[in-house]
Amino acid sequence: MYTIGVKFDKQNDIISSAFELMKRHSGLYLIEEENRVADFFVALFLEKNMEKESYRIEKTDDAHISVYGADFLGLVYGIGRMLHKGMEEIKDEQCTPKKHIRAVYYATHFGNFYQSAPIEEVIHHMEEQMLWGCNCIAMWFDMHHFCGIDDPAAKKLLFRIRDVFSVAKSMGMKTSLTMLANEYYCGAPENLLAQNSTEGTGYTKKMVGFYGTEICPSSVEGEALIISARRKMLEFFKDTKLDFLLLWPYDQGGCTCSQCRPWGGKGFLEISKKLSVLLREFFPEAKCILSAWRFDDFTTGEWDILLKELNHLREYFDFIMADFAASETPEELHQYVKKAGMGLVGFPDISMLATPWGGFGAAPATKHLNGVFEKNELNADGGFCYSEGIFEDINKALMLSLYMGNSTREDVIRDYFRFYFGENTVEYAPELIDGLEETLPRHRIGADGVINDYPFGETSDRLPVFEIKNTSSVKRVREIAETLYCRVSDTVRESPRFLMLYLRAVIDFELEKNQGNITDAIEEAAQRLKQIYYAEQADYVVSPITKKAIRENKGLI
């Protein structure tokens, strides 16, 4: 372990706060205030004439480095860059973030990490993501679980979200609240419920993530019920000074009645306009984002209508959000959005890559995400990384670095391993991460021999089989994981980041060796993952594949 002696103006609260964050997230370095016997010496400065959130690093010699930040975030980004790259590897550089919105969306539901972990750990991860360039945290209050906003369980989650937002704002980050346009609490009036039908509706398949608590906004009463619930929610968050409201169409949400369909081009747009107006009552400076998630997936014509209406929508919405990995996304979207004077943001899915999400350990998808970024997101204003937990940590590091514009995929992988696990692991990092991505696609095979990745309501004493689609590198991945296990320190070996990678290699090797059946070794590894995720009460989709989680099959998407 190397020691870094840090020199800074202790009378400056901004720099002092950046130094404290540096100490909390020093990786394998020991951070101290200025020390004459340190291995490296770092000086921290604010430089007001740089662009917002920018940093500059100057290396005087092999042992002396200065980090300049335009503000707190810029200084944190510079510190993160220096630590991730390594004191010996870092060179002179200056960076102004390429993308304005570099967000991580914490999907706070299903008993996942963001809902169940001690809030101190959630904030700890948020700070670590800041070091990679994150400047915005998004969260969502999932309504269907609760009887109303005054439900004690609802209040508990609401206060949790508000506390995370408050910490984020105190550090200069932006906050974004997600609202599904017509979701509602359980016990909604039956005469106001939304429809979900393929009979004569033009919908080729039923909408998923539909709980039967959604409200149809086409009636006066339905619209009023939706507006009333959202008003109470915005009022609850009024002291947090929200920066964005993200309005969501499907999964969950939607309505296939004659007045609302096609939802994305009609009912969704109409209720979202009203919610945008409501937002400005509470947060006049906030920006409103309209999501096109799963447009043209259940029906057709939604994208066509949206593109035609964009010039009329800019009064209400500042950004359009698209899932650029979806084949339905129009190639001309960026041109249409730009012509309408709006912004465009992405929603990279970094989590839902194998079911259960994170159920087998770490889920790197850096090749896939890098490809999507290079093909579609170069012209976007940034994005919101969709996160269901901490198992895709390296995917967050990649996307945030790409949004910053200061790293390649290969650099991020090496920097990630160097910082968290040690220089002696870097040579194996690309092969391990690529191997874990190649072997990630898999399916759950039920007792009847049929693929069933989402076994809704299905319980059975007989455990399913998990079939890895490409097993060619499973053995090599396990060999690399064992090599690294022997190389790293005891502290690294027991760290969640390393364990998630290592246990994934263990589980996959056991699955391949035993024709996809759950073995005692898999059960032991899954139990350790359960502790890391705080997944004791998690729904199946976000739970490690313990025998108990599989048999209980808790939750329903």
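Computed from a prediction, not measured in an experiment: that's the story for all the values here. Numbers here simply count residues along the sequence, with the first being 1.
Here Ser218 pairs with Cys216, Cys257, Gln259, Cys260 under the side chain to side chain contact (heavy atoms under 4.5 Å, CB included) rule; sequence neighbours left out. Considering only residues two or more places apart in sequence or on other chains, Phe298 meets the ring-ring contact (aromatic ring centres under 6.0 Å, His included) condition with Tyr250. For the side chain to side chain contact (heavy atoms under 4.5 Å, CB included) test, residues two or more places apart in sequence or in another chain that qualify with Leu378 are Phe373. Applying the side chain to side chain contact (heavy atoms under 4.5 Å, CB included) test to His124 and every residue at least two apart in sequence or in another chain returns His25, Glu128. Not counting sequence neighbours, the partners of Ala181 by the side chain to side chain contact (heavy atoms under 4.5 Å, CB included) test are Trp263, Phe268, Ile271, Ser272. Not a single ring-ring contact (aromatic ring centres under 6.0 Å, His included) links His443 to another residue, sequence neighbours left out.
Sorted by first and then second residue, the salt bridge (Lys or Arg N to Asp or Glu O under 4.0 Å) pairs involving residues 226-250 (not counting sequence neighbours) are Lys169-Asp243, Arg231-Glu281. Screening residues 202-213 for salt bridge (Lys or Arg N to Asp or Glu O under 4.0 Å), with sequence neighbours left out, gives Lys205-Asp297. Sorted by first and then second residue, the side chain to side chain donor-acceptor pair (under 3.5 Å) pairs with a member in residues 373-382 read Asn370-Glu374, Glu377-Tyr403; sequence neighbours excluded. Pairs passing the ring-ring contact (aromatic ring centres under 6.0 Å, His included) check and including a residue from residues 306-328, sequence neighbours excluded, do not occur. Annotation: side chain to side chain donor-acceptor pair (under 3.5 Å) contacts involving residues 108-121, sequence neighbours excluded, comprise His109-Glu388, Asn112-Glu388, Tyr114-Ser387, Tyr114-Lys396, Glu121-Tyr534.
Taking the ring centre of Phe360 as origin, the terminal cationic atom of Arg442 falls inside the region bounded by 6.0 Å and 45° from the ring axis. A cation-pi arrangement is not found for Arg81 relative to Tyr55, the charged atom failing to lie both closer than 6.0 Å to the ring centre and inside a 45° cone about the ring normal.
Of the listed residues (Leu344, Thr329, Ile320), just one forms a side-chain contact (heavy atoms from CB on, under 4.5 Å) with His334, and that residue is Leu344.
Remark: side-chain polar atoms of Ser543 are not paired, donor with acceptor, to backbone N or O of Asp539 under 3.5 angstrom. No donor-acceptor pair closer than 3.5 Å links the side chain of Glu315 to the backbone N or O of Leu313. Of the possible polar contacts, none joining the Lys338 side chain to the Gly343 backbone as a donor-acceptor pair under 3.5 Å is found. Of the possible donor and acceptor atoms, none in the side chain of Thr201 sits under 3.5 Å from a partner among the backbone N and O of Ser258.
The pair Glu270-Lys266 does not count as a salt bridge, with every side-chain nitrogen at least 4.0 angstrom from each carboxylate oxygen. Taking 4.0 Å as the cut-off between side-chain N and carboxylate O, Glu127 and Arg24 count as a salt-bridged pair. Classification of Asp393 and Arg497 as a salt-bridged pair holds, one side-chain N sitting under 4.0 Å from a carboxylate O.
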Output a table of donor-acceptor pairs, distance under 3.5 Å, between side-chain atoms of residues 283-293 and any protein atom two or more places apart or on a different chain; print 'none' if there are none.
from, atom 1, to, atom 2, distance (Å)
Ser291, OG, Trp293, N, 3.1

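In this structure, Arg160 and Phe141 have side chains that are not in contact, with every pair of non-hydrogen atoms separated by 4.5 Å or more.
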